[in-house]
J.: 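First the structure, then my questions, so here it is.
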Amino acid sequence: MIRKLKRKDFDSVFQIIEASFPEDEYRTYDEQKALLDNKAYEVYTVLNYDDNTIKAFIAVWEFDSFVFIEHFAVNPTHRNNGVGSEFLRKFVRMQEKIVCLEVEPPDNEIASRRIGFYERNNFFLNKYPYTQPPISTGRNPVPLLIMTYGRYINNMEFDKIKKEIFTKVYKQS
């Protein structure tokens with residue numbers, strides 16, 4: 001069952017973030033936790049009912065015309081057993097807007113496998129150039145691509161999505 005993150009569980013989510021993403025792709029602990037006070041930002045989780053630990057989470061920004069998945073990860077102890085696919089499928093079915101996310105270009109095996117995972121879950125890789133600005137002080141920009149659920153997007157849609165992500169998520173103009 002998908003549920004919204006309880007603040008007391010933030011530390012568990014942050015541990016999964018640290019284990020799942022390169023440092024340039026997430027904020028510091030305090031900056032990430034502060035996002036919980038932003039009304040456009042939400043974290044959804046799936047729990048392991050045996051021990052009440054978090055199996056997986058999806059952190060999203062909800063905008064007027066789309067939902068941006070900023071982070072999606074499965075707890076390393078629950079990977080490769082279908083948890084991620086099931087969670088992602090249920091989450092996107094709950095949405096009534098375009099769902100998009102960032103991925104690294106398919107320049108290595110891990111990035112190619114990640115893209116393949118999303119493609120198997122009905123996401124489409126859009127080929128528009130895109131570089132994530134530094135997510136936090138001391139972090140580096142990251143070349144990425146945008147994937148969208150259910151279909152490709154056109155250039156106008158991409159520009160609108162990019163502009164909103166850059167201004168509201170990364171605080172860039």
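Values in this document were obtained by computation on a predicted structure and should not be read as measured data.
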J.: Between Glu70 and Arg27, is the closest basic N to carboxylate O distance under 4.0 Å?
T.: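 Between Glu70 and Arg27 there is a salt bridge, with a charged N closer than 4.0 Å to a carboxylate O.
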J.: Among the clusters formed by ILVMFWY side chains lying less than 4.5 Å apart, do Tyr170 and Leu101 turn up in the same one?
T.: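 No; Leu101 is not reachable from Tyr170 via cluster members.
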J.: Heavy atoms, side chains only, cut-off 4.5 Å: are Tyr26 and Glu31 in contact?
T.: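 The answer is no; the side chains never approach within 4.5 Å.
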J.: Between Lys90 and Glu86, does any side-chain N to carboxylate O distance fall below 4.0 Å?
T.: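 A salt bridge is present here (some side-chain N lies under 4.0 Å from a carboxylate O).
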J.: Go through it in stages, so that I can follow the logic: the residues are Phe87 and Val74, the test is side-chain contact (heavy atoms from CB on, under 4.5 Å), and I'd like the CA-CA distance, side-chain angles, deciding distance and then a yes or no.
T.: CA-CA 9 Å; Phe87 184 17; Val74 175; over 6 Å; no
J.: To the nearest 0.5 Å, what is the distance between OG1 (Thr131) and CG (Leu144)?
T.: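 Answer rounded to 0.5 Å: 7.5 Å.
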J.: Is the NZ atom of Lys97 crowded by more than 12 outside heavy atoms at less than 6.0 Å?
T.: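 More than 12 heavy atoms, drawn from other residues, nucleotides or ligands, come within 6.0 Å of this atom.
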J.: Kindly indicate, with the supporting measurements, whether the criterion side-chain contact (heavy atoms from CB on, under 4.5 Å) is fulfilled by Leu35 and Phe10.
T.: CA-CA 11 Å; Leu35 290 179; Phe10 174 78; over 6 Å; no
J.: What is the minimum heavy-atom distance between Met147 and Leu125, and which atoms define it?
T.: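 So the two residues come closest at CG-CD1, 3.6 Å.
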J.: Roughly how far apart are Ile153 CD1 and Asn126 CG, rounded to 0.5 Å?
T.: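 The CG atom of Asn126 is 4.5 Å from CD1 of Ile153, to the nearest 0.5 Å.
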J.: Going by heavy atoms in the side chains, are Asp159 and Tyr128 under 4.5 Å from each other?
T.: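 The answer is no, as the side chains (C-beta and beyond) never meet within the 4.5 Å cut-off.
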J.: If Ile, Leu, Val, Met, Phe, Trp and Tyr residues are connected whenever their side-chain heavy atoms lie under 4.5 Å apart, and connections chain through other members, are Ile2 and Ile54 in the same group?
T.: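 No; Ile54 is not reachable from Ile2 via cluster members.
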J.: Using the salt bridge (charged side-chain N to carboxylate O under 4.0 Å, His left out) rule, take Asp50 and Lys55 through it: C-alpha gap first, then chi angles, then the decisive distance, then the call.
T.: CA-CA 11 Å; Asp50 294 338; Lys55 282 185 172 183; over 6 Å; no
J.: Do Ser12 and Asn75 have side chains that approach each other closer than 4.5 Å (heavy atoms only, starting at C-beta)?
T.: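 Not touching, per the 4.5 Å side-chain cut-off.
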J.: Do Phe68 and Glu102 pass the side-chain contact (heavy atoms from CB on, under 4.5 Å) test, and can you show the C-alpha distance, the side-chain angles, and the key distance before you say yes or no?
T.: CA-CA 9 Å; Phe68 170 56; Glu102 300 165 330; 3.5 Å; yes
J.: Just how far is it from atom CD1 of Ile115 to atom CD of Glu104, taken to the nearest 0.5 Å?
T.: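 The distance works out to 8.5 Å.
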J.: Return the minimal non-hydrogen interatomic distance between Ala111 and Pro105, and the atom names on each side.
T.: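 Result for this residue pair: CB-O, 3.2 Å.
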J.: So which heavy atom on Asp51 is nearest to which on Thr53, and how close?
T.: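 Distance-wise, the nearest heavy atoms are OD1-OG1, 2.7 Å.
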J.: Please report the closest heavy-atom contact between Asn48 and His78, naming both atoms and the distance.
T.: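 Reported closest heavy-atom pair: ND2-CE1, 3.5 Å.
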J.: Any side-chain heavy-atom pair from Asp9 and Arg3 closer than 4.5 angstrom?
T.: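 The answer is yes, as the side chains (C-beta and beyond) meet within the 4.5 Å cut-off.
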J.: If two hydrophobic side chains count as joined below 4.5 Å and joins carry through other members, does Leu145 share a cluster with Ile161?
T.: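 Leu145 and Ile161: separate clusters.
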J.: Could you state the interatomic distance from CD (Glu23) to CD1 (Ile135), rounded to the nearest 0.5 Å?
T.: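 Output value for this atom pair is 11.5 Å.
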J.: Within 45° of the six-membered ring axis of Tyr149 and under 6.0 Å from that ring's centre, is NZ or CZ of Arg93 located there?
T.: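 No - Arg93 does not lie over the ring of Tyr149 by the 6.0 Å and 45° rule.
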J.: With a 4.5 Å cut-off on side-chain heavy-atom distances among I, L, V, M, F, W and Y, is there a chain of contacts connecting Val169 to Val60?
T.: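 In one cluster: no.
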J.: Let's go through Phe66 and Thr148 carefully: what are the C-alpha distance in whole Å and the side-chain angles of both, what is the deciding distance for side-chain contact (heavy atoms from CB on, under 4.5 Å) to 0.1 Å, and is it a yes or a no?
T.: CA-CA 10 Å; Phe66 70 97; Thr148 45; over 6 Å; no
J.: How long is the span from the OH atom in Tyr41 to the CG atom in Leu5, to the nearest 0.5 Å?
T.: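 Reported value, rounded in 0.5 Å steps: 8.5 Å.
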J.: Would you say that Pro134 contacts Pro141 through its side chain, given a criterion of any heavy-atom pair below 4.5 Å between the two side chains?
T.: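 In short, these two side chains touch, coming nearer than 4.5 Å.
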J.: For Lys6, does the NZ atom have more than 12 heavy-atom neighbours from other residues, nucleotides or ligands under 6.0 Å away?
T.: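 Atom NZ in Lys6 is not packed in, count stays at 12 or less.
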J.: Just wondering, are more than 12 heavy atoms of other shown residues or ligands nearer than 6.0 Å to CG in Asp64?
T.: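 No, because the 6.0 Å sphere around CG of Asp64 holds 12 heavy atoms or fewer from other groups.
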J.: Is there a side-chain contact between Ser20 and Phe72 in this structure, where contact means two heavy atoms from C-beta onward sitting under 4.5 Å apart?
T.: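 No, every pair of side-chain atoms sits at 4.5 Å or beyond.
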J.: Hey, what's the ring geometry for Phe158 with Tyr130, parallel, tilted or perpendicular (30° and 60° as the breaks)?
T.: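 The arrangement is perpendicular - the two ring planes meet at more than 60°.
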J.: How are the rings of Phe124 and Tyr152 set to each other: parallel, tilted or perpendicular (split at 30° and 60°)?
T.: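 Correct class here is perpendicular.
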J.: Is the closest side-chain heavy-atom distance between Phe123 and Val103 below 4.5 Å?
T.: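 Phe123 does not reach Val103 side chain to side chain.
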J.: Could you tell me the separation between the NE2 atom of His71 and the CD atom of Gln32, rounded to the nearest 0.5 Å?
T.: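 With rounding to 0.5 Å, NE2 (His71) is 5.5 Å from CD (Gln32).
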J.: Is Gln132 reaching over with its side chain to a backbone N or O of Asp24, donor-acceptor style, under 3.5 angstrom?
T.: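 It does hold such a pair.
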J.: Taking NZ, NE, NH1 and NH2 as the nitrogens, is one of them in Arg151 or Glu157 under 4.0 Å from a carboxylate oxygen of the other?
T.: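 Yes, this pair counts.
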J.: Please check if the number of heavy atoms outside Met94 that lie under 6.0 Å from its CE is greater than 12.
T.: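 Atom CE in Met94 is crowded, with more than 12 foreign heavy atoms closer than 6.0 Å.
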J.: Less than 6.0 angstrom from the centroid, inside 45 degrees of the normal: does Lys162 satisfy that with respect to the ring of Phe166?
T.: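 Satisfied, under 6.0 Å and within 45°.
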J.: Val13, Val46: one ILVMFWY side-chain cluster at the under-4.5 Å cut-off?
T.: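 No, separate clusters.
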J.: Within the structure provided, determine whether Arg113 and Phe117 are in side-chain contact (heavy-atom separation under 4.5 Å).
T.: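 No; the side chains remain at least 4.5 Å from each other.
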